[in-house]
2 protein chains.
Amino acid sequence: MPWEKSFDEESALEKAMQVFWEKGFESASIADLLAGMGLNRGSLYNAFGGKQPLFVKALLKYDQERQTLLAKLEALDNPKKAIATFFDTIVALTVADQDHKGCFLINTALEIATHDEQVNKIVRNGLREIEAFFRRGIEVGQARGDMPKKFDPEATAKALLALIVAIRVLGRGVFAEAALRTIADEAKRLIS
Amino acid sequence: MPWEKSFDEESALEKAMQVFWEKGFESASIADLLAGMGLNRGSLYNAFGGKQPLFVKALLKYDQERQTLLAKLEALDNPKKAIATFFDTIVALTVADQDHKGCFLINTALEIATHDEQVNKIVRNGLREIEAFFRRGIEVGQARGDMPKKFDPEATAKALLALIVAIRVLGRGVFAEAALRTIADEAKRLIS
DNA sequence: AATTATGTTGACCGATCGTTATAAACAAGG
DNA sequence: CCTTGTTTATAACGATCGGTCAACATAATT
């Protein structure tokens, strides 16, 4: 094996993720990706195999970041605060996102997850892990007396996931900051 | 003016709506639309003006059906039951929808509403009217004593809209029937 | 220095995109 | 019958799509 690549594969993937995130799978053309990633056709196909494999890698990278965020929150060892912070973070991210890209996972769920089993699996797994994060938090919170035991962890976790999904969807041009905060507050009310 | 059209414009629009609903704006090709609507190129451009105008008409038609459903529920004059029935209906529709088309309005919100102001307006208005339906129901329900007055109509209406949106999104391949019903039950719990 | 293996480059492919144009078939009013 | 306005059917438009490929450049190996 003669030598190394001339471009940084990881940062190129990062750029590709941004393009797919902003435009979606269908609307992101190879030309868009090449421009965003700063490389030419051959290199893209050589390094990533094509549009679909590149998309999967980009989606996995995004999911990795999701995983990192959740792990960091869970390490707080204060479930109620961790869940509240998660909602605040999502609202802040959504509001700061000037071009209304929303959540890459959720966007993908609606665009092509229906038609591609591999992609569907990644999306479903990611959302299920968010739900599991909520459920574990509620169970621990209830056990420690931080949260009332009058509600069911399973059902409440699903409701919280639903609210997160909705914040991400409605944040894309339907609701403004105040309304998104209202939903987040309702989420906190659910576990109080 | 010699004579009438040879095809039923309304039923053709209905078919177009189905195609756009199932495939989305970008992925629905003119060929798909022609096949679905049962007419040829010239007629489509003559009668509807092109792909984008046709999409807007189809979206408006869908929104009309949304409007009709809400009006029918509101005519029940039993807000709590109307809201519960709305959630049950949405869950039933979502579960019965074998090809996971979801809600045309919400799908559109994520696909092109960001880039087209006219479409964005239709989507935003439709969702706002659902929220208003919830708010009016809660206000009337609280006034009549059907619902406790401990929660804020404005905030709760937004939360209910969020749950509806999430049911429609998660119903597209992420959650199965049981989980969707759980979310609907949480919605009912919000107004109990 | 020659060879070999890999990455880069940009032209090129057939297919499909949305749209327009053209010409024939057709049915009403004059 | 002839005009008029519409529907059909088909061809063709330029643009863009994702993907391929042969020529070239480069660096390690021989």
Side-chain angles (χ1 to χ4, degrees), chain A residues 1-59 107-108 111-119, chain B residues 1-59 107-108 111-119:
Chain A
M1 303 89 206
W3 78 105
E4 75 203 44
K5 286 204 174 67
S6 73
F7 61 92
D8 179 8
E9 193 154 332
E10 201 57 34
S11 83
L13 183 56
E14 165 77 25
K15 303 293 188 65
M17 185 186 84
Q18 294 288 340
V19 175
F20 276 131
W21 188 358
E22 182 184 337
K23 305 204 170 195
F25 177 79
E26 298 270 6
S27 288
S29 70
I30 299 287
D32 292 331
L33 292 164
L34 296 181
M37 300 167 76
L39 41 82
N40 52 43
R41 278 183 126 75
S43 299
L44 188 150
Y45 280 88
N46 181 28
F48 300 102
K51 191 183 184 182
Q52 164 107 6
L54 176 58
F55 181 84
V56 171
K57 288 186 178 72
L59 188 61
N107 298 351
T108 302
E111 189 186 1
I112 58 167
T114 312
H115 308 306
D116 185 310
E117 194 47 46
Q118 183 186 11
V119 171
Chain B
M1 303 89 207
W3 79 105
E4 73 203 44
K5 288 206 171 67
S6 73
F7 60 91
D8 180 5
E9 194 153 331
E10 201 57 35
S11 84
L13 183 57
E14 165 77 26
K15 303 291 186 67
M17 185 186 84
Q18 294 287 340
V19 174
F20 276 130
W21 188 359
E22 183 184 339
K23 306 204 169 194
F25 177 78
E26 298 271 5
S27 289
S29 70
I30 298 287
D32 291 331
L33 292 163
L34 296 181
M37 300 167 75
L39 40 82
N40 53 39
R41 282 182 127 76
S43 300
L44 188 150
Y45 279 89
N46 182 28
F48 300 102
K51 190 184 184 181
Q52 163 108 5
L54 175 59
F55 181 83
V56 171
K57 289 186 179 71
L59 188 59
N107 298 350
T108 302
E111 188 186 4
I112 60 168
T114 311
H115 308 307
D116 185 310
E117 195 46 48
Q118 183 186 12
V119 170

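Chain A is the first sequence line, chain B the second, and so forth, proteins listed ahead of strands; every chain is numbered from 1.
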Could you check how far [atom1] of [X] sits from [atom2] of [N], rounded to whole Å?
X: A:Leu39; N: D:dG19; atom1: CG; atom2: P; value: 15 Å
X: A:Asn46; N: D:dA22; atom1: CG; atom2: P; value: 15 Å
X: A:Leu44; N: C:dT9; atom1: CG; atom2: C1'; value: 13 Å
X: A:Phe48; N: C:dT8; atom1: CZ; atom2: P; value: 10 Å
X: A:Phe55; N: D:dG18; atom1: CZ; atom2: P; value: 13 Å
X: A:Glu9; N: C:dT6; atom1: CD; atom2: C1'; value: 14 Å

**Complete:** 5' to 3', nucleotides 10-22 of chain C under a 4.0 Å protein heavy-atom cut-off (B base, S sugar-phosphate only, - none) gives BB-----SBBB--
**Item:** More than 12 heavy atoms of other groups within 6.0 Å of B:Lys57 NZ
**Value:** yes
**Item:** Any side-chain donor near an acceptor of the partner, B:Ser43 and B:Asn46, under 3.5 Å
**Value:** no
**Complete:** When every non-hydrogen atom of B:Leu33 is compared with those of B:Ala16, the smallest separation belongs to CD2-O, 4.1 Å
**Short side-chain to backbone donor-acceptor contact, A:Lys51 and A:Phe25, under 3.5 Å** = yes
**Asked** Parallel, tilted or perpendicular for A:Phe20 and A:Phe55, by the 30°/60° rule?
**Response** perpendicular
**Message:** Set out, in order, the CA-CA distance, both residues' side-chain angles and the distance that settles side-chain contact (heavy atoms from CB on, under 4.5 Å) for B:Val119 and B:Val56, then state yes or no.
**Reply:** CA-CA 7 Å; B:Val119 170; B:Val56 171; 4.3 Å; yes
